[in-house]
A.B. asks: 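Pasting a structure below so you can have a look.
All chains are named by letter (A, B, ...) in the order of the sequence lines, taking the proteins before the strands, and each is independently numbered beginning at 1.
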Protein chains: 2
Amino acid sequence: MRISAKGRYGLAAMSYLAANYKNGMAITVLHISETLGISKIYLEQVFSLLKRAGLVISIKGSQGGYLLNREPNGISVYEVLTAIETTMTEKTDSTVAEKQPILDKALETVVFSQLDDAIKSSLEAISLEDILNNVEKLKEPDNLMYFI
Amino acid sequence: MRISAKGRYGLAAMSYLAANYKNGMAITVLHISETLGISKIYLEQVFSLLKRAGLVISIKGSQGGYLLNREPNGISVYEVLTAIETTMTEKTDSTVAEKQPILDKALETVVFSQLDDAIKSSLEAISLEDILNNVEKLKEPDNLMYFI
DNA sequence: TCAAATACCTATTGCTATAGTAGGTAAAAT
DNA sequence: ATTTTACCTACTATAGCAATAGGTATTTGA
C-alpha cells in the first residue's frame, strides 16, 4: 500500500485536531502547518478534501480555523485516507479483460476485492483516538522496552 | 491499494503458467502476450522481475520459454506482487517526522505497520491455485447465480 | 554449421499523478 | 475598515509508470 504525502499530512493534521478536540477552539491551517512542518498552501488543499468529506468543520474569518466534526473516537483512519487519497483502492484497468475475461474476473474476485476488504477493515478499526493513545504512550519517560 | 498494470500483468501471466504447469512445457513470452493481450516487450520486463525473484525458471533458445519454479499451490499472490511492484508497501517520507517525531512514530506504529501486516497476510493467503480454482468455477456453464 | 527462435539487457519516450507554488476572492471578527 | 482567516483556480516541476526500440546471448533443429 502506497500512501502519499498528502495522506500522511491529512492523518497528522487530523491527529493534531483530535489532540485539541476537548479545548473546542478552531485551529488555523497556518498554525498546523508550522507545528507539523508542512507547506501551508498545500495543507489548505488537504483540508479542502477533509471538509468535503464532512470530517471537519470550518470557521471563516479572524479567529477562524478548523475543528473535528466528530469526536476522535468516531473518526477512523479509513475515512481520513479515503477522503484524501484518490487512488486508494483504484486499479488500473488491465488489457487482460478483453482477451481473457474469465481470468480477469477471477483475479478481481479472488485477489483484488479480498485485498480491498482487508485494507478497509484494517483501517476502519483504527480511530484518531487510537493514534492519540499511542502518542501518549510514547511520551511516557519510563517507556523503556523491558520486554523486548 | 493501488496495483499497477505491471502487477496485474504479472498475476495474469503467472496464472497462465500455473494453468499449464502439469504439462511441463516452457511457454514463451510471445505466446502469453498474445493470449492475454499484453505488449510482448513490456511483458518481458515483468518476467525479468519474476525470474529475479525466483518464481519462474527460464529456458533460452528455440523451444525455450518460462516455467513456474514451484507448484501453483506453493506460490502466493503476495510473492508475485512484491516481486513486481516496487512501491508495494513503500511510504513517501513525510516532513512531519522532523518537527513531530512522536506523532510520526505513532502513525507508523498504529497505522502503517498494521496496514502492511493486513495486506501481507491477506495476499499471502491466496495462491495461484486459488485463482485457477475460481477460473474453473466461472467456466461452469451452470454457474447461474441462483443464490443472488 | 547456420538460421531461427528465444531469453535477456539497456536506453529512450510519452504520459499521468503527485507535490508544491502563486495569486487571488469571500467572509467574519475586532 | 482592516486584518485574519478559509476557499478557489490555475500553474509548474518532478517522478514513476507504461510502453517502445534496438539490440546481444544462447539454444534448438534443419
A.B. asks: In whole Å, what is the span from the CD atom of Glu44(A) to the P atom of dT25(C)?
C.D. replies: 15 Å
A.B. asks: Examine dT4(D): is either OP1 or OP2 under 4.0 Å from a nitrogen or oxygen in the side chain of Lys60(A)? Give yes or no.
C.D. replies: no
A.B. asks: Using modelled atom types and a 3.5 Å cut-off, is there a donor and acceptor pairing between side-chain atoms of Glu124(A) and backbone atoms of Ser76(A)?
C.D. replies: no
A.B. asks: Does any non-hydrogen side-chain atom of Leu107(B) lie less than 4.5 Å from one of Val96(B)?
C.D. replies: no
A.B. asks: Does Gln63(A) get its side chain close enough to the base of dT3(D), under 3.5 Å, for a donor-acceptor pair?
C.D. replies: no
A.B. asks: For Ile38(A) and Val46(A), what are the C-alpha separation, side-chain angles and deciding distance, and is it a side-chain contact (heavy atoms from CB on, under 4.5 Å)?
C.D. replies: CA-CA 11 Å; Ile38(A) 303 169; Val46(A) 175; over 6 Å; no
A.B. asks: Starting at CD of Glu34(B) and ending at C1' of dA5(C), how long is that distance when rounded to a whole Å?
C.D. replies: 14 Å
A.B. asks: Below 30° counts as parallel, above 60° as perpendicular, anything between as tilted: where do the rings of Tyr66(B) and Phe47(B) land?
C.D. replies: parallel
A.B. asks: Would you classify Tyr66(A) as touching base, sugar-phosphate or nothing, given that sugar-phosphate means primed atoms plus P, OP1 and OP2, and contacts are heavy atoms under 4.0 Å?
C.D. replies: sugar-phosphate
A.B. asks: Just the rounded figure in Å: distance from P of dG16(D) to CD1 of Ile3(A).
C.D. replies: 18 Å
A.B. asks: Looking at Thr28(A), does any N or O in its side chain come under 4.0 Å of the phosphate oxygens OP1/OP2 on dA6(D)?
C.D. replies: no
A.B. asks: I want to confirm an ordering. Mapping Gly61(A) and Arg52(B) to their closest nucleotides on DNA chain C, which one lands closer to the 5' end?
C.D. replies: Arg52(B)
A.B. asks: Just compare dA6(D), dC8(C), dA19(C) and give me whichever is closest to any side-chain atom of Val29(A).
C.D. replies: dA6(D)
A.B. asks: What is the separation between atom NZ on Lys40(B) and atom P on dA21(D), rounded to the nearest whole Å?
C.D. replies: 12 Å
A.B. asks: Please state how far atom CD1 in Ile41(B) lies from atom C1' in dT13(C), giving the value in whole angstrom units.
C.D. replies: 12 Å
A.B. asks: Can you work out whether Ser48(A) or Ser62(A) has the more 5'-proximal nearest nucleotide on DNA chain D?
C.D. replies: Ser62(A)
A.B. asks: Can a salt bridge be assigned to the pair Lys99(A) and Asp104(A) using a cut-off of 4.0 Å between side-chain N and carboxylate O?
C.D. replies: no
A.B. asks: Using only atom types and a distance under 3.5 Å, with no angle test, would you say the side chain of Asn134(B) pairs donor to acceptor with the backbone of Ile131(B)?
C.D. replies: no
A.B. asks: Give me the bend of the helix from dT1(C)-dA30(D) to dT30(C)-dA1(D), using the axes of the five pairs at each end, rounded to 10°.
C.D. replies: 10°
A.B. asks: Charged N to carboxylate O under 4.0 angstrom, Glu108(A) versus Lys105(A)?
C.D. replies: no
A.B. asks: Please state whether the phosphate of dA19(D), meaning OP1 or OP2, lies under 4.0 angstrom from any side-chain nitrogen or oxygen of Tyr9(B).
C.D. replies: yes
A.B. asks: Can you tell me the distance, in whole Å, between the CG atom of Leu36(A) and the P atom of dG20(C)?
C.D. replies: 14 Å
A.B. asks: Under 4.0 Å, counting only non-hydrogen atoms across every strand here, what does Leu30(A) touch: a base, just sugar-phosphate, or nothing?
C.D. replies: nothing
A.B. asks: May I have the distance from Lys6(B) (atom NZ) to dT20(D) (atom P), rounded to whole angstrom?
C.D. replies: 14 Å
A.B. asks: May I ask you to verify whether the side chain of Gln45(A) and the base of dT21(C) hold a donor-acceptor pair under 3.5 Å?
C.D. replies: yes
A.B. asks: Any side-chain N or O of Ser39(A) below 4.0 angstrom from OP1/OP2 of dT21(C)?
C.D. replies: yes
A.B. asks: Please report the distance, rounded to the nearest Å, between CG in Leu43(A) and P in dT21(C).
C.D. replies: 12 Å
A.B. asks: Counting only side-chain nitrogens and oxygens, does Lys51(B) get under 4.0 Å of the OP1 or OP2 atom of dC8(C)?
C.D. replies: yes
A.B. asks: Between dA7(C), dA18(D), dA5(C), spot the one nearest the side chain of Tyr42(B), thanks.
C.D. replies: dA18(D)
A.B. asks: After noting the C-alpha distance and the side-chain angles of Gln100(B) and Thr35(A), does the key distance pass the side-chain hydrogen bond (donor to acceptor under 3.5 Å, both in side chains) rule?
C.D. replies: CA-CA 8 Å; Gln100(B) 298 290 338; Thr35(A) 307; 5.8 Å; no
